[in-house]
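Numbering starts at 1 and runs along the sequence shown.
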Amino acid sequence: MSKPRILVTRRWPATVEAVLAERFDVTFNPDDIPLGENELRLALSTYDAVLPTVSDRLPAAVFDGLPVVTKILGNFGVGYNHIDIAAAKERGIAVTNTPGVLTDCTADIAMLLLLSVARRGGEGERQLRAGEWKGWCPTHMVGTKVTGKTVGIIGFGRIGKAFAQRCHYGFGMDVVFFNRSPIDPAEAARYGARQLPTMEAVLAVADFVSLHCPGGAENRHLMNAARLAAMKPGAFLINTARGDVVDEAALIAALKAGTIRGAGLDVYEAEPDVPETLRRMENVMVLPHLGSATEETRTAMGMQVVDNVTAFFEGRDVPDRVV
C-alpha cells in the first residue's frame, strides 16, 4: 500500500521531519518560505494531508477553484483561527491542533513580557547596548513593582491557569480573571485566582491585564478602544494569545494618550508586519511570536501532529481533532 502524500508547509524540528519522512511520502519546504494562497490551493488538490502553521492563511477561498483531495489538516499550533474551519468541514477535511504541550512555555513568555515592561527591561538593554548609560542614580529608569500587584487574566484555559500560577505563587500577585464559562471556585483557588463576572470588572482593578483567549472572529478586537479606556490608569497590557484579539490602532492611541502605561506583545494583527509606531515606543516590549519557541516544545508540537495524522490514516480515533 502506498504511503499517504503529505506536505509540510514550513521547516520543522529535524527529529520530527525524520519521523515524518519514515512514515509518509512527505514533501518538505527546505527554503522555509511561507506559501501563498495559490500554492496552498494547489496543495489541497495534490496532497492527502497538509500540515500548516500559524503563518499559513487558509480562508474559504483557498478551498475553492480546484478539486480538493486533502483529507486532513494537521495544524502545528494550538490556535487555528488562520484556517476557515467551516470551509474545511464542508469539504470533509479533518482539522487537528496541538493543545497542552505549549502551555508552560507560553505562560513563561507572558511572565517575561510582564516583568520586562514593568521593569523597563527592553528599554534598559537598548540604552546600555547603545552606550548611553551614564551610571547608576536614584531616578534612573524607575519602573513598576510586580510583587503584590493585581493581575487580570482574560481567558482561564490551560495557559491562563499556568500564568496565574506563576503570578500568584511566584510573585505573590492577586489574581482575578474573566472567563466566558464559570470556573469552579475550588479549581480557581488552586491557582490563587478568583473569577469576576465581567471583563470590565477585571479591567477596572488589574495593574496588569494578560490575554489568554482564542483568536478568530468571535474575539476579534476584544480589546478595543472602550476596553482599553476601561483599564485601570497606569496599567499594562500583555498579549501572548493572538494578534487579532487587540485593536492595534486603538492600542497605539491608548499608549500615546497615556491611557495605559505600557504593553508587552508577542503576537500581532498582521504578522510578521508590526506597526513602526509600536516598534519605536519605549514603553512597549515586543517579541517575534516566541511563545512556544523552545526546543522541547516545538519538538513536542511536531510529534503531536505526527500522532494525529498517523491515527487518522490508520483509521483510529484522532486525539486532537477540532472538526
Run the salt-bridge test on [X] and [Y] with the 4.0 Å N-O cut-off and return the result as yes or no.
{"X": "D273", "Y": "R279", "answer": "no"}
{"X": "R166", "Y": "D104", "answer": "yes"}
{"X": "E123", "Y": "R126", "answer": "no"}

Is [Y] close to [X] at the side-chain level, that is, under 4.5 Å between some pair of heavy atoms?
{"X": "L228", "Y": "M223", "result": "yes"}
{"X": "T277", "Y": "K256", "result": "yes"}
{"X": "L112", "Y": "M285", "result": "no"}
{"X": "L102", "Y": "I159", "result": "yes"}
{"X": "N239", "Y": "L113", "result": "no"}
{"X": "T9", "Y": "N29", "result": "no"}
{"X": "K3", "Y": "F313", "result": "no"}
{"X": "D207", "Y": "T144", "result": "no"}

I need the [X] [atom1] to [Y] [atom2] distance, nearest 0.5 Å.
{"X": "M173", "Y": "M111", "atom1": "CE", "atom2": "CE", "result": "6.0 Å"}
{"X": "H212", "Y": "K161", "atom1": "NE2", "atom2": "NZ", "result": "13.5 Å"}
{"X": "D31", "Y": "R11", "atom1": "CG", "atom2": "CZ", "result": "9.5 Å"}
{"X": "L203", "Y": "L196", "atom1": "CG", "atom2": "CG", "result": "10.0 Å"}
{"X": "T96", "Y": "L51", "atom1": "OG1", "atom2": "CG", "result": "8.0 Å"}
{"X": "F163", "Y": "I153", "atom1": "CZ", "atom2": "CD1", "result": "6.0 Å"}

As a quick check of understanding, evaluate side-chain contact (heavy atoms from CB on, under 4.5 Å) for D320 and T98, giving each step before the final call. CA-CA 7 Å; D320 303 302; T98 61; 6.0 Å; no
Does [X] [atom1] have over 12 foreign heavy atoms under 6.0 Å away?
{"X": "R119", "atom1": "CZ", "answer": "no"}
{"X": "R91", "atom1": "CZ", "answer": "yes"}
{"X": "R316", "atom1": "CZ", "answer": "yes"}
{"X": "D317", "atom1": "CG", "answer": "no"}
{"X": "E314", "atom1": "CD", "answer": "yes"}

Which heavy atom of [X] sits nearest a heavy atom of [Y], and at what distance?
{"X": "G100", "Y": "R158", "result": "CA-CD, 3.8 Å"}
{"X": "E187", "Y": "I183", "result": "CG-CG2, 4.0 Å"}
{"X": "C213", "Y": "A241", "result": "O-CB, 3.3 Å"}
{"X": "L287", "Y": "Y268", "result": "O-OH, 2.8 Å"}
{"X": "P4", "Y": "F24", "result": "O-CB, 3.7 Å"}
{"X": "I252", "Y": "P275", "result": "CD1-CB, 4.0 Å"}

For [X] and [Y], indicate whether the former's side chain and the latter's backbone hold a donor-acceptor pair under 3.5 Å.
{"X": "N219", "Y": "P214", "result": "yes"}
{"X": "Q195", "Y": "N179", "result": "yes"}
{"X": "E132", "Y": "Q127", "result": "no"}
{"X": "N308", "Y": "V318", "result": "no"}
{"X": "T70", "Y": "A49", "result": "no"}
{"X": "N97", "Y": "G77", "result": "no"}
{"X": "R41", "Y": "G65", "result": "no"}
{"X": "D244", "Y": "E269", "result": "no"}
{"X": "D64", "Y": "A61", "result": "no"}

Are [X] and [Y] joined in one hydrophobic group, where the rule is that I, L, V, M, F, W and Y side chains link up if heavy atoms are under 4.5 Å apart?
{"X": "L40", "Y": "L66", "answer": "no"}
{"X": "V209", "Y": "L115", "answer": "no"}
{"X": "F236", "Y": "L222", "answer": "no"}
{"X": "V151", "Y": "M199", "answer": "no"}
{"X": "L290", "Y": "L237", "answer": "no"}

Residues T46, L7; criterion side-chain contact (heavy atoms from CB on, under 4.5 Å); working and verdict: CA-CA 9 Å; T46 305; L7 173 68; over 6 Å; no
Quick one: side-chain contact (heavy atoms from CB on, under 4.5 Å) partners of H168, sequence neighbours excluded?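 Listed in chain order: V175.
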Establish, from distance only, whether the side-chain atoms of E271 and H82 form a donor-acceptor pair under 3.5 Å.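 On atom types as modelled, these side chains do not qualify, holding no pair under 3.5 Å.
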Say whether N224 and R227, considering side chains only, have a donor N or O and an acceptor N or O under 3.5 Å apart.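 Note: N224 and R227 side chains miss the donor-acceptor criterion.
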Would F63 and I93 satisfy side-chain contact (heavy atoms from CB on, under 4.5 Å), going step by step from the backbone distance to the final call? CA-CA 10 Å; F63 297 86; I93 303 173; 3.7 Å; yes
CA sep, side-chain torsions, deciding dist, call: R5, D48, salt bridge (Lys or Arg N to Asp or Glu O under 4.0 Å): CA-CA 5 Å; R5 297 189 66 199; D48 299 305; over 6 Å; no
Kindly assign one of parallel, tilted or perpendicular to the pair F156 and F177, based on the angle between their ring planes and the thresholds 30° and 60°.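 The rings of F156 and F177 lie parallel, inter-plane angle below 30°.
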side-chain contact (heavy atoms from CB on, under 4.5 Å) between I6 and Y47: does it pass, once the steps are laid out? CA-CA 6 Å; I6 287 180; Y47 295 92; 5.7 Å; no
